[in-house]
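Counting starts at 1 for both ligands and their atoms, in listed order. Since we're looking at a predicted model, the values are computed, not measured. The chain is numbered in sequence order, starting from 1.
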Amino acid sequence: MIKKVKGTQDLLDMKSYDAVHQLAYRHFSAAHFTHIQTPILEHLALFKRSVGEETDIVGKEMYTFSTNDREEFCLRPEATASTMRAYFEAAITAKPWQVFSHGPMFRHERPQKGRWRQFSQFNLEAIGINSIAQDARFISLLDDFFTRVLNLKDYVISVNYLGNKEDRAAHKQALKIFLDAHMHEICATCQTRATSNMLRIFDCKNEQCQALYTKAPYLTDHLSPESNAQWQELNYLLDVLSVNRVHNPLLVRGLDYYNNVVFEFSSPLLGAQSTFCGGGQYDLAAAFEHKEALPSIGAAIGMERLLLLLEAAGNPHPMQAPAPIFGILPFDDSLNPLALLAHQTLHRTGLSTDFITGGIKKGMKKANASGIRWLVLIGDQEKVDGVVRVKDMVSGNETTVSQEVLSIYAQSLI
Ligand code: ATP
Ligand code: MG
């Protein structure tokens, strides 16, 4: 038998997923973000140029292919580059352009709990904003979504400030001295990155490297007075908005395009893959040969990890309880016309209704197994009398109801 591709999953009940998605849709729409969709299939060059060739994503996790000798395509690994491409391609002039999108991403990683080769992200971008107040608003909107909409408590927001190119150049000098002194203690990947793309060393998952880097020079100690003032302002505004967070001086995030603020939401309830949302400020104008700067802020929520977290936290979000379900059970096939009409009537009035076949005995079993709340029993005698019997599957009580008022009676039960 052909099985699913390694690292992918069949989601056989999307109820929680859909509920979270709907809540996110409502929360961010109400903050004046517009729902957009970009293709899953993109040119490989898009990500090489914007995400950066040295990153894990582009360097080793891309699904790429070619259908002829000229063009290289890929399955998108993230959404920001595509959103920016769409912004420029449609020549959008709105600033900020506040959008969200949602859908599958593809990365060839080692599958494990919370890490898939196909996974879903809920992605938010505010393109063309240049204000610390907007950054604070953005982070607090996310925090409100997790805390107030989903009722999550057990998570931490880590924030860091990467400054601008000049700040990072100053930091790089100090970092180089540090790394030269410790070159023999770091892993081979970090040794390569120490020369090719130094800041990326902080992304390393190796514990020995991470332990060493806690002693490395901090970016926030090398900010210019202007950048430092912005970093302080951000902290002040996040305090005003009561956004609890910690400063993680080692946080750089896995993409090359970030400037200034970066942040992650993580939870100890998730185990090793603890980050369920990450983002930051970026400017991709140059990657699209656009001359003017275009500071923007974005974030991606990993839907699978968020759902794992909700489950681990006991699903505290006000997800709509499954609607009480009616089951229509004709005792034999000759009663199907009457039973189908009863089903049609209930379903048309908006009640959640199932149709159960197989006769009385099997039908009862099926109704019990599938969580039917009220069973509408239709036998020969009921047909003759113009009634149905409605059985409450919890109490076991039965009520005889005229067929004509079945839908009114059913409504009254809810
Ligand atoms: P990680 O360090 O866990 O690899 P990342 O920095 O690569 O994360 P981002 O590119 O920032 O992740 O993506 C944002 C979010 O998408 C992550 O915080 C995570 O919740 C989710 N995510 C990323 N990769 C995967 C994956 N392979 N499977 C499931 N979720 C993922
Ligand atoms: Mg990753």
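No hydrogens or angles considered: nothing links the side chains of Y161 and Q232 as a donor-acceptor pair under 3.5 Å. Using a 3.5 Å distance cut-off with no hydrogens or angles, the side chains of N259 and R168 do pair a donor with an acceptor. E42 and S82 are linked by a side-chain donor-acceptor pair at a separation below 3.5 angstrom, with hydrogens and angles left out of the test. No hydrogens or angles considered: a donor-acceptor pair under 3.5 Å links the side chains of E125 and T80.
The distance from ligand 1 to the heavy atoms of C277 drops below 4.0 Å at these ligand atoms: 18 (O). The contact set between ligand 1 and F276, taken as ligand atoms under 4.0 Å from a residue heavy atom, comprises 18 (O), 20 (O). When each atom of ligand 1 is checked for a heavy atom of G114 under 4.0 Å away, the hits are 28 (N), 29 (C), 30 (N).
Using a 4.0 Å cut-off between charged nitrogen and carboxylate oxygen, D143 and R245 do not count as a salt-bridge pair.
For ligand 1, none of its N or O atoms has an N or O atom of Q273 under 3.5 Å away.
With a heavy-atom cut-off of 4.0 Å, R115 touches ligand 1 through backbone and side chain alike. Looking at K205 against ligand 1, only its side chain comes within 4.0 Å, counting heavy atoms. Counting heavy atoms under 4.0 Å from ligand 1, residue E264 does not touch it at all.
Evaluation of the ring-ring contact (aromatic ring centres under 6.0 Å, His included) test over residues 283-308, restricted to residues two or more places apart or in two chains, returns F88-F288, F88-H290.
Compare R305, K113, R107, R253 by their heavy atoms: the one nearest to atom 10 (O) of ligand 1 is in R107.
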